[in-house]
Amino acid sequence: MALNVDSGGKEELKTQFITREGTYRLMTLSEYSRPNRVGYTNIQGSTSVRVSFVTLPDPNGNGDRICFNIGRELYVFIYKGVKKAADLTKPVDKKMYKGTNPTCHDFNTTNMTSDSVSLLVGFSTGQVQLIDPIKKELSKLYNEERMIDKTKVTCIRWVPGSTNLFLVSHSSGQLYLYNEELPCGTSPPNYQPFKQGDSFAIHTCKTKSTRNPLYRWVIGNEGVSINEFAFSPCGSYLAIVSQDGFLRVFHYNTMELVGSARSYFGGFLCVCWSPDCKYIVVGGEDDLVTVWSFVEKRVVARGQGHHSWVSVVAFDSYTSTFAIGKHQEWNENTSPSENKVDTCYRLGSVGQDTQLCLWDITDDILRQKPCSKTRNTVVSGSVSPSSNSNKTSQNTCANKEKDGLEAISSFTHRLGIGFEKKDNIGHKRSLSKGTTLQLTNNSSDDPMRLIGTNSCPRFDECPIMEPLVCKKIAHERLTALVFREDCFVAACQDGYVYTWARPGKMVSDGDFVTFS
Amino acid sequence: MQQDAHEFLNFLINHINEIILSERPQKSKNGDGDAGNSTPEPTWVHEIFQGILTSETRCLNCETMSSKDEDFFDLQVDIDQNTSITHCLRCFSSMETLCGDNKFKCDHCSSYQEAQKCMRVKKLPMILALHLKRFKYMEQYNRHIKVSHRVVFPLELRLFNTSDDAVNPDRMYNLVAVVIHCGSGPNRGHYISIVKSHDFWLLFDDDMVDKIDQSAIDDFYGLTSDIQKSSETGYILFYQSRDTTETNINEAKVNGK
């Protein structure tokens, strides 16, 4: 006998919601899932359902393909979006794996043709597979004997513009660069140091004959999972989020750390770039979405609306307005420097609370200068220099506060990251760079030092955004969110991929071709 | 009939405290009148577990704010399906309107009035014990029901629900132990616990102690559906303040030299 404790899971789900641009509607016939819906097994604790899209060159405009993983299975379907109902009887490709689960996947958009595309798949046991779901003749395995890494693949991406290079991150905290044409070798790789920085190290293989991996990046402390990474839309930068609560941003080619941020607490789980490369948004175990300015190298805003961990963040570039790039209101007479376009980025996020949140990140939020509120209370952590350490260890709170305050102000002063200095734009770039490096060096295992800095401002020192829309759209935790031109797509842990039509994009149900 | 782990925790903390107090040298027994009023010197039990909650009440009639502090050894939080402990703590401190039978006795108005009340943490304890209220009385069944809702808890935690005058609002906590209830209802089942010890997680199940992987903690968040009968769910969470661990380490180092 199962007792219904409260409305909990039985709460009615939203099938439509209204924003200022109109009404978004759930396309009930465009629901993608397993072709055969019976024989459902326990989905608790299984890997997250992720979704990848590709648009193949097709003269008739039917080139959209969707790939998603459910449990031990991987599916590729023709994606008909808001135009026609999903036909689940004819998958383009389907794979069932034994003893391992696919965890993530990525299509190569550089070398695809109308009848061929390279799809990378990462697995829970560490292996990587390269397949062509259309031609089906291609199947290569990397890290097959698990000699490179035994832990779960957490994220996999083709290097932007490359036909053969790809990056794979693991829960071991390591990131590998592979060349799909090279072998992985029959023995474990021997590494030699290539580049070392604060809180990261990069290695190459010692072997003379080139083999995979080409590079090994070790991020943060050993064993701290890399949860996701994302290349900037311009392709030059790589943003990495880890379980240690850090966002680290690298220049990909020079392998230099150019910035970092720290969660309010807990791990960062997801990361994405604004379409103009100016901002990075991260979500995590602090239930927040955090907006980090790439230019200013600081946390500029936090969004509070989720009731649990944030699993995916994504910019909606179709609804965002910003000075550079395509934009319907963009006036050619305005010079970019005048910045007359009212910047408004549309961000979406989904989380373990089964909710979708939409956010408008506007100029008035982004332009707020960092403020240091006068506080009579500060962290009582052991940030003090060694000379003070015996004093800080006293039990009285008053002592701790005083020492903490002195320590923090002297600490920030030393590093030149006092808030008042941030107005000096000319000096900012080089300054921030040095600061960041030093900060992560001192702080990789002590987030207390970062509280109140640009990497992790106090809650009342940073603008708080409220969601434009916050809707419960599933019964299970949400694991994927993709914005497309006429819709957005959200996936759920129980194996359903939902399509939501944008305002005015919904084809009436009568026009749908019924299931054959 | 199974006893409740949270009741036991309360009993244990209070009992240890009483034992310490009773073994203290009796200073003065003559000041009988004062002895009843003066609170005894805090013990190490207080130093470890005690925090202060401040409840701020605003009378909706005269707008007067009044605040009252109270000590706590653990926070008892209501839970919702598919939420985080962070969210549950937010709800714990959300504004509550006192009305109907539950009106507030305003000293200024000298009468019962509608009021708004909010409970926030004023002093953050060294060990923050969070009791998830998983045993809920259901009127329609006339008994307590186990609520197996999925409530995630991070390995690292800071509090959002601190009062404006909080002494140490930036405290960063690390998860160090979880008491887990296994079973279908409040009157049956089994308790196990996981404890972090020297960077390893240990699972204590009666006389069995096993090392477990940190990722296995996910199994104790709870269930997203109400269909399953039995569950293994986090019931009491213990978070340790990071500054105290480091201060203690520093202290040990200093003393060691």
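Letters A, B, ... are given to chains in the order of the sequence lines, protein chains preceding strands, and every chain is numbered from 1.
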* Asked: Take atom CD in Glu466(A); do more than 12 heavy atoms of anything else shown fall under 6.0 Å from it?
  -> no
* Asked: At what distance, to the nearest 0.5 angstrom, does CG of Leu450(A) lie from CE of Met172(B)?
  -> 8.5 Å
* Asked: Can you check whether Phe160(B) and Tyr264(A) have ring centres sitting under 6.0 Å from each other?
  -> yes
* Asked: Should the pair Glu156(B)-Arg262(A) be classified as a salt bridge under the 4.0 Å nitrogen-to-oxygen rule?
  -> yes
* Asked: In terms of the angle between their ring planes, are Trp309(A) and Tyr221(B) parallel, tilted or perpendicular, with boundaries placed at 30° and 60°?
  -> perpendicular
* So how far is it from Lys152(A) NZ to Ser215(B) OG, rounded to the nearest 0.5 Å? -> 8.5 Å
* Asked: Would the number of heavy atoms belonging to other residues, nucleotides or ligands and lying under 6.0 Å from CZ of Arg146(A) be above 12?
  -> yes
* To do: Would you indicate whether the side-chain heavy atoms of Val152(B) and Gln352(A) approach each other to under 4.5 Å?
  => yes
* Value rounded to 0.5 Å, distance of CG in Asp353(A) from CG in Asp80(B) -> 11.0 Å
* CZ of Phe265(A) to CG of Asn174(B): how many Å apart, nearest 0.5 Å? -> 12.0 Å
* Value rounded to 0.5 Å, distance of CD in Gln493(A) from OG1 in Thr224(B) -> 8.0 Å
* **Interface moiety of Gln355(A) toward chain B, non-hydrogen atoms closer than 4.5 Å** => neither
* How about Asn82(B) and His307(A): do any of their side-chain heavy atoms sit closer than 4.5 Å? -> no
* Asked: When rounded to the nearest 0.5 angstrom, what distance separates CZ in Arg90(B) from CG in Asp287(A)?
  -> 7.0 Å
* Asked: At their closest point, which heavy atom of Asp170(B) faces which heavy atom of Arg458(A), and how far apart are they?
  -> OD2-NE, 2.5 Å
